[in-house]
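In what follows, a structure is listed as structure tokens, so that the remarks can point back to it.
Computation of the quantities below employed the complete heavy-atom set of this structure, encompassing side-chain atoms and omitting hydrogens, waters and symmetry-equivalent molecules. In this chain, numbering begins with 1 at the start of the sequence shown.
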Amino acid sequence: MAEFPSLGGVNSSGEWGPKQAASIPLGLLYQPFSKSERLGMAAEISQSSYNYRTRRYNRHPTKEKDETESFHLVDTSQTKSFRFNPRRNQRRYNNYYNQFESKDQKQQHAQRSRNRERDRLRLEMKYKKKWKRTANRRVDRFQRKNLKASAEIKPSWPILKEVSFPELNKATFEVPKAEDLYLAGSVPYLARSLEGVRAKNPERLALPKNRRPNYPKTAYDDPIMDKHAKEGKANVFATEEVLAYLMSAARSFYPFDIIVRKENGCIYFDKRDGGPIDQSTVDENALRPPMEEDEKHINSPKNLNRELSAVTRFYKSQTLTRKKKPETMGNKSPFSDKIPTGYRYRVWELHGDFKLMARCHHDAICVEKVQEKQKRHFVATKALLEFGKDMFKDGWRKQLESQRGSVLITAMKNNGCMFSRWVISSLLSANKEIKVAFVSRRDPKVSTSHVILGVETLNTQQTAAEMDIKLENGFAIVASLVNLIDKEEEDGEFRIVREATKQSIKVVRVLDDESDEEEDSGDDQDDDDEPLFDAY
């Protein structure tokens, strides 16, 4: 190894350094380097060579350590904690002593736990019912404050009976088989083009030339029913719409009245032209139905119901095809209908000698291909109306594309009474399906222009099962009313009234001296309030 020569000490001039320039030995190579390069450690003078554990100095303190000695492995896994766990110890304690218990003691423990769970559920149901009753009272106070009676009931009229809605729901009666006595009119075919309409590309609702409503004739003015009454084939007469309203009275929210006439051993259930039975309802069963106080406002309940009734008629005329001729039912229609309609007069035998005859109708015939065979069935056409300020933000235009089922369920909840009337009418008429159109306003502030956003098909039997609609309960209501009116010895006129502030229906007898005045005033009022929809 090369040796370093002595470089000297301090110069005579007082400067520190070598006395003369040292010559570099030839055997020692010089390595050039850059200032940017990092230099290693030349000597370690900060490390102490004293070992406190052995109390000795290391023999080679400057010896380089192995790189692996300075490497430490860090363990990130959680260590098990052996702290006291009271639940685990309690389980051990219980398991130890449970093995000494008898079977009777174990059964007693199980019975106590079941009783505690049962009491908890009962208490929970109790508070839920209490909260629901409180909420319903609040909603009823909000909803019913501005509702008016559909007809004036004078205090001098005697009340025969008042039945609450819970009692109506409990009544049952075995449904008899229906018998077709007479078929009349013609049924047009259904156009399937509107069933493919989507909310992204809506179809405009066409407006017919004649927009004046044509209310169906009452049972008392029906010539076919009058003929069968004289022949003695039936003694209780009603239309399909009146029966559906009676059978779904417990689901109603708006007030209504039905006229009952007893004459020559026959009982007629009738309606008033332009009354609640002839009108469709908008969000009748919603938590907050339309309650606009100003009757002239387009969103008042009265105007909304008229608007939906007109929209239903317009949709029916638009959904029928003109490529095929209507199918005749066998006899000529007894009425002058603007739209071809098929009528089916059916009879049900009630208890005793009573036979109920109802006039049912068919809106259209639907043709479907099943296993390369064409099958036909009758359908009913109905419509729902969308209105309000937020219908473009969170309305049917956005929800029908992705949430069609939820939109239909919400509509059924908000219009429970109207859907039940549709289903009962279809069950009585033997309509297999109901075509429901989602109709919306083109402008929230204009009630004379609408678009069709989509059409949904409902199976009558399945919808009745989902909504818990039973004809046994409906026929029991009709049979009880027939018995009550038949007990009156004298012929005359009666009223079945559903008041706005009570959850019940009343059967009132109209006195002979005041019935004529009531009819005259009611006819004048209906003529003044008749919805013409000239704005269409």
Side-chain angles (χ1 to χ4, degrees), residues 75-144 161-175 247-253 285-288 403 405-417 419-420 423-424 427 459 461-477 479-480 501-505:
D75 188 8
T76 59
S77 61
Q78 297 180 357
T79 59
K80 295 183 179 180
S81 61
F82 297 95
R83 291 184 298 177
F84 175 72
N85 189 351
R87 290 191 176 183
R88 181 187 63 184
N89 296 336
Q90 185 67 28
R91 287 196 297 268
R92 290 179 180 177
Y93 176 82
N94 294 338
N95 294 336
Y96 176 75
Y97 283 96
N98 284 344
Q99 62 183 348
F100 301 106
E101 292 182 352
S102 61
K103 292 184 179 180
D104 296 339
Q105 291 176 341
K106 292 181 179 180
Q107 292 177 359
Q108 290 176 3
H109 287 308
Q111 185 64 30
R112 288 195 205 102
S113 63
R114 287 194 294 268
N115 291 342
R116 285 194 297 269
E117 184 67 17
R118 181 194 61 194
D119 296 340
R120 186 187 68 80
L121 293 175
R122 286 181 177 177
L123 187 63
E124 184 179 355
M125 292 297 295
K126 177 182 177 181
Y127 283 114
K128 282 184 178 180
K129 289 182 180 179
K130 183 178 179 180
W131 177 86
K132 190 174 182 180
R133 287 195 298 268
T134 305
N136 289 340
R137 285 196 296 269
R138 292 175 181 173
V139 172
D140 289 344
R141 286 197 297 268
F142 171 77
Q143 292 176 339
R144 303 178 188 276
K161 191 174 183 180
E162 183 175 0
V163 186
S164 62
F165 287 163
E167 294 179 4
L168 289 178
N169 292 328
K170 294 179 182 178
T172 56
F173 184 80
E174 184 178 357
V175 180
M247 294 181 180
S248 60
R251 301 172 185 256
S252 64
F253 171 74
N285 300 98
L287 290 177
R288 289 197 172 186
Q403 303 174 2
S406 63
V407 172
L408 181 62
I409 292 174
T410 304
M412 293 175 69
K413 290 181 180 179
N414 295 340
N415 302 275
C417 181
F419 268 87
S420 63
V423 173
I424 292 174
L427 290 175
N459 186 281
Q461 297 291 341
Q462 294 180 1
T463 308
E466 292 173 359
M467 297 185 65
D468 195 18
I469 297 175
K470 298 179 181 179
L471 287 181
E472 292 83 355
N473 177 253
F475 275 96
I477 295 173
S480 61
T501 57
K502 293 184 179 180
Q503 298 287 327
S504 61
I505 60 173

Quick one: pull up [atom1] in [X] and [atom2] in [Y] and give me the separation to the nearest 0.5 Å.
{"X": "Glu472", "Y": "Phe475", "atom1": "CD", "atom2": "CZ", "answer": "9.5 Å"}
{"X": "Met412", "Y": "Glu466", "atom1": "CE", "atom2": "CD", "answer": "6.0 Å"}
{"X": "Thr410", "Y": "Asn415", "atom1": "OG1", "atom2": "CG", "answer": "10.5 Å"}
{"X": "Ser248", "Y": "Ile477", "atom1": "OG", "atom2": "CD1", "answer": "8.5 Å"}
{"X": "Lys128", "Y": "Leu121", "atom1": "NZ", "atom2": "CG", "answer": "9.0 Å"}
{"X": "Asn115", "Y": "Arg118", "atom1": "CG", "atom2": "CZ", "answer": "4.5 Å"}

* Backbone N/O of Thr172 and side chain of Asn473: donor-acceptor pair under 3.5 Å ->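 Looks like no, no N/O pair under 3.5 Å.
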* **Heavy-atom side-chain proximity of Met247 to Leu471 below 4.5 angstrom** =>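 SC-SC contact between Met247 and Leu471 confirmed.
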* Asked: Any side-chain heavy atom of Arg251 within less than 4.5 Å of one from Phe165?
  ->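 A side-chain contact under 4.5 Å is absent here.
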Considering all heavy atoms of both residues, which atom of [X] and which atom of [Y] are nearest to each other, and what is their separation?
{"X": "Asn285", "Y": "Cys417", "value": "OD1-N, 2.8 Å"}
{"X": "Val163", "Y": "Glu167", "value": "CG1-OE1, 3.6 Å"}
{"X": "Glu162", "Y": "Ser504", "value": "OE2-OG, 2.9 Å"}

* Glu117 vs Arg120, side-chain contact (heavy atoms from CB on, under 4.5 Å): CA-CA, chis, key distance, verdict -> CA-CA 5 Å; Glu117 184 67 17; Arg120 186 187 68 80; 2.6 Å; yes
* **Crowding at CD, Glu174 (>12 non-hydrogen neighbours, <6.0 Å)** =>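 Check fails, neighbour count at 12 or below.
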